[in-house]
Amino acid sequence: MAADETGAARGDRPDADPRVRRAAALARRPRGIVVAIDGPAGAGKSTTARAVAARLGYAVLDTGAMYRAVTVAALRANVPPREGPALDALLAGLELALEPGPSGTIVRLGGADVTDAIRAPDVTAAVSAVSALASVRRAMVELQRKLGEAGGVVVEGRDIGTVVFPDAELKIFLDAELDERARRRGRDLETAGHGASADEIARDLARRDATDSSRAVSPLARAADAVWVDTTSLSLDLQVDEILRLARERGA
Ligand code: DC
């Protein structure tokens with residue numbers, strides 16, 4: 001090997017060379033690296049995660065969909081959002097399955113498709129309270145690690161870089177100003193047939209941000225080593241390109 005082919009040969013840190021990093025990452029994770037994308041509601045995590053995963057040939061793990069599915073199960077079984085035997089029984093019997101679908105993750109509860117049901121307004125209103133419960137988080141984090149630890153996955157949520165995969169090879173904190181997030185969420189809701197006013201949506205997002213950021217267990221927080229990406233005036237293509245560049249640098 002010529003002396004100028006690797007950083008190591010030049011006397012730099014060996015892990016500065018993308019090929020060395022790639023080999024090290026693959027030894028640990030046979031399917032590729034873990035890309036963690038965290039951020040507040042409406043920052044564009046799902047769209048970005050799907051686009052990045054498609055370009056890398058990776059899977060997507062939508063952890064918000066998992067908390068939404070637990071919320072659907074709790075609402076259907078009339079289990080209130082608090083710790084106790086009723087919640088323990090619900091979690092013990094939970095048959096939650098996630099499959100990649102053409103326009104996002106397909107979510108099943110007990111075999112039945114709840115992909116649309118998890119986006120209903122009553123579920124959105126209740127999900128922050130359910131996802132703040134320690135027993136719910138324990139169960140979901142365990143499942144998320146099992147599903148993602150082999151790598152080759154883009155995992156999106158609120159605590160992925162801080163708690164679920166603190167050793168993720170790439171951590172992104174995706175953010176945008178509240179008004180812009182409300183505008184995007186309004187467009188998504190309209191497409192899904194759940195109309196709401198811009199004010200209502202902004203209030204809901206602000207309320208969820210506050211609950212998600214202030215809860216005692218794994219609050220929404222930016223990991224110290226996460227790359228902060230503000231998408232307020234960034235096009236999807238540009239933010240995806242930037243994340244892909246970083247992912248390749250980290251061994252994807
Ligand atoms: O991303 P989303 O809006 O579908 O997430 C729904 C809720 O789930 C959100 O209010 C916070 C919670 N959540 C969480 O607490 N931790 C995660 N890793 C993902 C989502």
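Whatever order the structure lists ligands and atoms in, that order sets their numbers, starting from 1.
With no hydrogens or angles considered, no side-chain donor-acceptor pair links R185 and T124 at under 3.5 Å.
Heavy-atom neighbours of E99 CD from other residues, nucleotides or ligands within 6.0 Å: above the threshold of 12.
In summary, E142 and R138 do not engage in a salt bridge, as defined by a charged side-chain N under 4.0 Å from a carboxylate O. Taking the charged nitrogens against the carboxylate oxygens, R119 and D188 have no contact shorter than 4.0 Å, which rules out a salt bridge.
Taken from CZ in R31 to CD in E149, the straight-line distance is 9.5 Å, to the nearest 0.5 Å.
Remark: R187 pairs with no residue by the salt bridge (Lys or Arg N to Asp or Glu O under 4.0 Å) rule, at least two apart or across chains.
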Short N or O separations between ligand 1 and the protein, below 3.5 Å:
from: ligand 1; atom 1: 1 (O); to: R158; atom 2: NH1; distance (Å): 3.0
from: ligand 1; atom 1: 1 (O); to: R158; atom 2: NH2; distance (Å): 3.4
from: ligand 1; atom 1: 3 (O); to: R68; atom 2: NH2; distance (Å): 3.3
from: ligand 1; atom 1: 3 (O); to: R158; atom 2: NH2; distance (Å): 3.3
from: ligand 1; atom 1: 3 (O); to: R208; atom 2: NH1; distance (Å): 3.0
from: ligand 1; atom 1: 4 (O); to: R68; atom 2: NE; distance (Å): 2.7
from: ligand 1; atom 1: 10 (O); to: S128; atom 2: OG; distance (Å): 3.4
from: ligand 1; atom 1: 10 (O); to: R208; atom 2: NH1; distance (Å): 3.0
from: ligand 1; atom 1: 10 (O); to: D212; atom 2: OD2; distance (Å): 3.0
from: ligand 1; atom 1: 15 (O); to: R137; atom 2: NH1; distance (Å): 2.8
from: ligand 1; atom 1: 15 (O); to: R137; atom 2: NH2; distance (Å): 3.4
from: ligand 1; atom 1: 15 (O); to: R215; atom 2: NH1; distance (Å): 2.7
from: ligand 1; atom 1: 15 (O); to: R215; atom 2: NH2; distance (Å): 3.0
from: ligand 1; atom 1: 16 (N); to: R137; atom 2: NH2; distance (Å): 2.9
from: ligand 1; atom 1: 18 (N); to: T63; atom 2: OG1; distance (Å): 3.0
from: ligand 1; atom 1: 18 (N); to: R158; atom 2: N; distance (Å): 3.1
from: ligand 1; atom 1: 18 (N); to: D159; atom 2: OD1; distance (Å): 2.8

